[in-house]
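Heads up, the thing below is written out as structure tokens.
Proteins come first, then strands; the chains are lettered A, B, ... in the order of their sequence lines, and each starts at number 1. What you see is a predicted model, and the numbers here were worked out from it, not measured in a lab.
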Amino acid sequence: MKEIFALVDCNNFYASCERVFNPRLEGRAVVVLSNNDGCVVARSNEAKALGIGMGVPAFKVKGIIEKNDVEVFSSNYALYADMSHRVMRTLSTSTPAMEIYSIDEAFLNLAGCADNLTDYGRKIQATVKKWTGMPVSIGIAPTKTLAKIANRIAKGTPQADGVFYLKDLSDIDNLLDKIAVVDVWGVGHRNARKLKRAGIKTALTLKNVDIEWIRSKFGVTGVKTVYELRGICCYRLEENPPAKKSITVSRSFGKAVESIDELQEAIATYAVRAGEKLRRENLVANVLTVFVRTSYFDKQKRYFNSETIKLPSPTNYTPELISYAIRAVEQLYRKGCSFKKAGVLLSSLELQNKMQLTLFDEIDRRKTQRLMQAVDTIKAKLPEGNLRWAAEGLEQSWRTHFKRRSHRYTTRWDELLVVA
DNA sequence: TCTGGGGTCCTAGGACCC
DNA sequence: TCTGGGGTCCTAGGACCC
């Protein structure tokens, strides 16, 4: 049977997460900031109405925030990840097949689920709200790209009330005519500009474009997008996400870092985190890259650089990752630079149980594996930061800021919601 | 003063091989 | 002295997504 896609999208996800545990925020303008409390990454509808843009630096909207008493939060990833699990678990009860597309979105295959899919969508919407407190919008259509558009319509038209089924392909043209080409999934700002120059401004004109022309200018991705708009499915539901191909841990510093010791501490800390991610996915890495950079906005003394190391044997052993990462910093460090951001990238990943053993390995892999298992288990039981590798340093004054983080209500006993 | 983080895929071009 | 053509693999950079 042909797939019918529902795209379920949490409304203003991070802002809504804050609201679920803080009813005082209901009806008020709420924004959530990125790491280091830098940019606005989520806004309640009220905050959007005040003209606070997505991705704008917080300092640029400080005036609006103060004048309108906007509630401001730092990102609370522990809370958002847990809320995401709850929503996804709830959704899984309403469909035989789904794909978790991002922290706040999932594609469901609704083929054969009900006679009236709009009603069925409403039922899903109500269940998620009741079980998790999260408001969602649902777009239903024969392809993912059209489901994305249906979701937009579900959100943007009051009559739809959060659920919209793009059912009759004959109606589609009227709707596509009103969608700007930049709002089509897969068309970014750059390609939108390029399309505009060729006279293609709406989703409808894009749908009707000549296929060979689009292939020559935009490659196969462009062709797929056009077919999807025509109702021809090019992107199937991915139920089992393929294994990760790379893992990155990177952060902006809370303050500029100038000494090599601090830069190495920070990189060691990121390497530790990267190792944990690796082990959680049962992966090992063959290649480690470290990058450092000064502020993007410091035009005078700009310095971006990276160092890539081919590891002698695939590993997820933290001390090994730390030592190579620290060595890379020695290559990258420049005296007199104010480093503002750095990161560790692990790539050329493979499954741990399939890994190629090196003949002359100096490390007893079985032993280190048990050691890392023990460390991970103990760390999970201790309060954050209580168990650390020496290389991570003690003071960590470079740490990223989260000055307005709410409680991690759902994942920490000491931060439970208190009902007074 | 203050501008996020983590991914994927595609393509073009170079290196290398026969 | 003459100096082809086709294939694969890898990498860097670009574009996109949330």
What do you reckon, do A:Phe297 and the base of B:dT3 stack, with centroid distance below 5.5 Å and planes below 30°?
yes
Counting only non-hydrogen atoms, which of residues 340-347 of chain A are less than 4.0 Å from DNA chain B?
A:Lys340, A:Lys341
Interatomic distance where CD belongs to A:Glu99 and C1' belongs to B:dG7 [whole Å]
14 Å
Atom pair distance, as rounded to whole Å: CZ in A:Arg293 and C1' in B:dG4
11 Å
Strand DNA chain B as a dot-bracket string - pairs counted if Watson-Crick or G-U with both distances under 3.5 Å, | where the partner lies in another strand
....||||||||||||||
Checking A:Ser74 against A:Asp37: is there a side-chain donor and acceptor pair closer than 3.5 Å?
yes
Are any of the side-chain nitrogens in A:Glu415 or A:Arg405 under 4.0 Å away from the carboxylate oxygens of its partner?
no
Can a salt bridge be assigned to the pair A:Glu330 and A:Arg327 using a cut-off of 4.0 Å between side-chain N and carboxylate O?
no
Flag, side chain of A:Asp210 to backbone of A:Trp213, donor-acceptor distance under 3.5 Å:
yes
Residue whose nearest DNA chain B nucleotide is more 5′ - A:Pro57 or A:Pro242:
A:Pro57
Verify the distance criterion only: is there a donor paired with an acceptor across the side chains of A:Tyr409 and A:Asn22 at less than 3.5 Å?
no
Does a donor on one side chain and an acceptor on the other come within less than 3.5 Å for A:Asn282 and A:Asn353?
no
A:Glu105 atom CD is separated from C:dC17 atom C1', nearest whole Å, by 9 Å
Could you list the protein-to-nucleotides 12-16 of chain C atom pairs, N/O on both sides, closer than 3.5 Å?
| from | atom 1 | to | atom 2 | distance (Å) |
| --- | --- | --- | --- | --- |
| C:dA15 | OP2 | A:Arg190 | NE | 3.0 |
| C:dA15 | O3' | A:Asn191 | ND2 | 3.3 |
| C:dC16 | OP1 | A:Gly188 | N | 2.9 |
| C:dC16 | OP1 | A:Gly188 | O | 3.3 |
| C:dC16 | OP1 | A:Asn191 | N | 2.8 |
| C:dC16 | OP1 | A:Asn191 | ND2 | 3.3 |
| C:dC16 | OP2 | A:Arg190 | N | 3.4 |
| C:dC16 | O5' | A:Gly188 | N | 3.4 |

Please state how far atom NE2 in A:His401 lies from atom P in B:dT1, giving the value in whole angstrom units.
16 Å
For the pair A:Glu105 and A:Lys148, find out whether any cationic side-chain nitrogen is under 4.0 Å from an anionic carboxylate oxygen.
yes
Starting at atom CG of A:Asp104, determine the distance to atom C1' of B:dG6, rounded to an integer number of angstrom.
14 Å
Distance-only side-chain donor-acceptor flag, A:Thr318 / A:Arg279, under 3.5 Å:
yes
Cationic N near anionic O, under 4.0 Å, A:Lys207 to A:Asp173:
yes
Residues A:Thr315 and A:Arg365: side-chain donor-acceptor under 3.5 angstrom
yes
Starting from P on C:dC17, measure out to CZ on A:Arg152 and report it in whole angstrom.
11 Å
Report yes if at least one side-chain N or O of A:Lys148 is closer than 4.0 Å to OP1 or OP2 of C:dC18; otherwise report no.
yes
Considering only heavy atoms, which members of residues 243-254 of chain A lie under 4.0 Å from some atom of DNA chain B?
A:Lys244, A:Lys245, A:Ser246, A:Ile247, A:Thr248, A:Val249, A:Ser250, A:Arg251, A:Ser252
Regarding A:Glu46 and A:Ser44, is there a side-chain donor-to-acceptor distance under 3.5 Å anywhere?
yes
Those residues of residues 30-50 of chain A lying under 4.0 Å from DNA chain B by at least one heavy atom
A:Ser34, A:Asn35, A:Cys39
Taking atom types as modelled, is there a side-chain donor on A:Lys123 or A:Ser94 under 3.5 Å from an acceptor on the other?
no
Tell me if a side-chain donor or acceptor on A:Thr143 pairs with a main-chain N or O of A:Glu228 at a distance below 3.5 Å.
yes
Please confirm whether the backbone N or O of A:Ser406 pairs with a side-chain atom of A:Asn76, one donor and one acceptor, at under 3.5 Å?
yes
Atom-pair distance (OH on A:Tyr77; P on C:dC18), nearest Å:
17 Å
How close or far is atom C1' of B:dG5 from atom NZ of A:Lys277, stated in whole angstroms?
8 Å
At under 4.0 Å between heavy atoms, what does A:Lys255 touch on the DNA or RNA strands: base, sugar-phosphate, or nothing?
nothing
Looking at residues 211-241 of chain A, who's got a heavy atom less than 4.0 Å off DNA chain B?
A:Gly219, A:Val220
Under 3.5 Å, is there a donor-acceptor pair between the side chain of A:Thr145 and the main chain of A:Leu229?
no
Please report whether the ring centroid of A:Tyr101 lies less than 6.0 Å from that of A:Trp185.
yes
For A:Arg122 and A:Ala160 the tightest heavy-atom approach is NH2-O, 3.1 Å
Using modelled atom types only, decide if a donor and an acceptor are shared between the side chain of A:Glu99 and the backbone of A:Phe107 within a distance under 3.5 Å.
no
Residue from A:Val136, A:Thr95, A:Leu108 passing side chain to side chain contact (heavy atoms under 4.5 Å, CB included) with A:Ile124:
A:Leu108
Report which part of the nucleic acid A:Tyr296 touches: base, sugar-phosphate, or nothing (heavy-atom distance under 4.0 Å, all strands).
nothing
Provide the distance between the two P atoms, one in B:dC2 and one in C:dC18, to the nearest whole Å.
30 Å
